[in-house]
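Accompanying notes for the structure given below.
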Amino acid sequence: MQYWLIKSEPYKYAWEQLKKDGWTYWDGVRNYQARNFLKQMLTGDLCLYYHSNEGKEVVGIAEVIKPAYQDPTIEDDRWVAVDVKPYKSLKRNVGLKEIKATPELEQMVLVNNSRLSVQPVKPQEFDVILKLSET
DNA sequence: GCCAACGTTGGC
DNA sequence: GCCAACGTTGGC
C-alpha cells in the first residue's frame, strides 16, 4: 500500500466535483516523472488531494480504484490514467503554509518540487497531515 | 500579474 | 549530445 499526492487546480477539477461525480479518471498527466508514479499506483492506494493555485491546500483523500491504463483522452500510448474515487474529506483542510511550517513535512516533494503533479508521500508524512487535519 | 523553476523542443 | 529558446506550472 502506497501513499500519493495528486494535484488539481480547483477550477479544472475540484474535490467537490469528484465527490459529486463519485469517481473520475485521473487523466491529462503529460509529464514523464508524474506518469511514472501514476504507473506505480495500485488499487487501494490512497492519494492526498491537493488544490494548487487556488486554495493551495490538501482537501481530501482519494482512493485508487483502477491502476494505470492508456489515457483515453489522447491517442498517444505514452500517457496513462488511473481511476480514483473519494475516500474521505478532511475535517479541516491542510494548507501549504502549514505543511511548510511543519518540520516533519519539510522533506515532502510538494515542498521541494512544487511543480510535480503526481508525487509519492511517505506513510509518516501521510499520518502527520491526517493528524493536522484533525486538530 | 510576476517570475522562478522546471521541462521540452529544435537547431547546430 | 549540447544548449538556447520557449512554454508551463504554481507560489507569491
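Naming: A, B, ... by sequence-line order, numbering from 1 per chain. Values below: all heavy atoms of this structure, side chains included; hydrogens, waters and symmetry mates excluded.
- Following rounding to the nearest Å, A:Y11 (OH) and C:dG10 (C1') show an atom-to-atom distance of 11 Å.
- Annotation: side-chain contact (heavy atoms from CB on, under 4.5 Å) contacts of A:D127 (sequence neighbours excluded): none.
- Every side-chain hydrogen bond (donor to acceptor under 3.5 Å, both in side chains) that A:Y69 has, sequence neighbours left out, goes to A:D83.
- Partners of A:Y3 under the side-chain hydrogen bond (donor to acceptor under 3.5 Å, both in side chains) rule, at least two apart in sequence or in another chain, do not exist in this structure.
- With sequence neighbours left out, A:E75 forms a side-chain contact (heavy atoms from CB on, under 4.5 Å) with no residue at all.
- Of all the residues in residues 98-107 of chain A, A:K100 reach under 4.0 Å from DNA chain C with at least one non-hydrogen atom.
- For A:R35 and A:D71, the salt-bridge test fails: no basic side-chain N is under 4.0 Å from an acidic carboxylate O.
- Between A:Y50 and C:dG11 there is a side-chain N or O to OP1 or OP2 distance below 4.0 Å.
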Find every protein N or O atom lying less than 3.5 Å from an N or O atom of nucleotides 5-9 of chain C, and list the pairs.
residue : atom : partner : partner atom : Å
C:dT8   : O2   : A:R115  : NH2          : 2.9
C:dT9   : O4'  : A:R115  : NH2          : 3.4
C:dT9   : O2   : A:R115  : NE           : 3.4

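- Among residues two or more places apart in sequence or in another chain, the side-chain contact (heavy atoms from CB on, under 4.5 Å) test is passed with A:Q124 by A:K122.
- In the hydrophobic clustering, where aliphatic and aromatic side chains (Ile, Leu, Val, Met, Phe, Trp, Tyr) are joined below 4.5 Å either directly or transitively, A:W79 groups with A:Y32, A:I74.
- The stretch residues 70-80 of chain A has no heavy atom under 4.0 angstrom from DNA chain B at all.
- The side chain to side chain donor-acceptor pair (under 3.5 Å) contacts involving residues 105-120 of chain A comprise nothing, where partners must be two or more places apart or lie in separate chains.
- Annotation: side-chain hydrogen bond (donor to acceptor under 3.5 Å, both in side chains) contacts of A:E57 (sequence neighbours excluded): A:N93.
- For the side-chain contact (heavy atoms from CB on, under 4.5 Å) test, residues two or more places apart in sequence or in another chain that qualify with A:E9 are A:Y11, A:K12, A:S52, A:N53.
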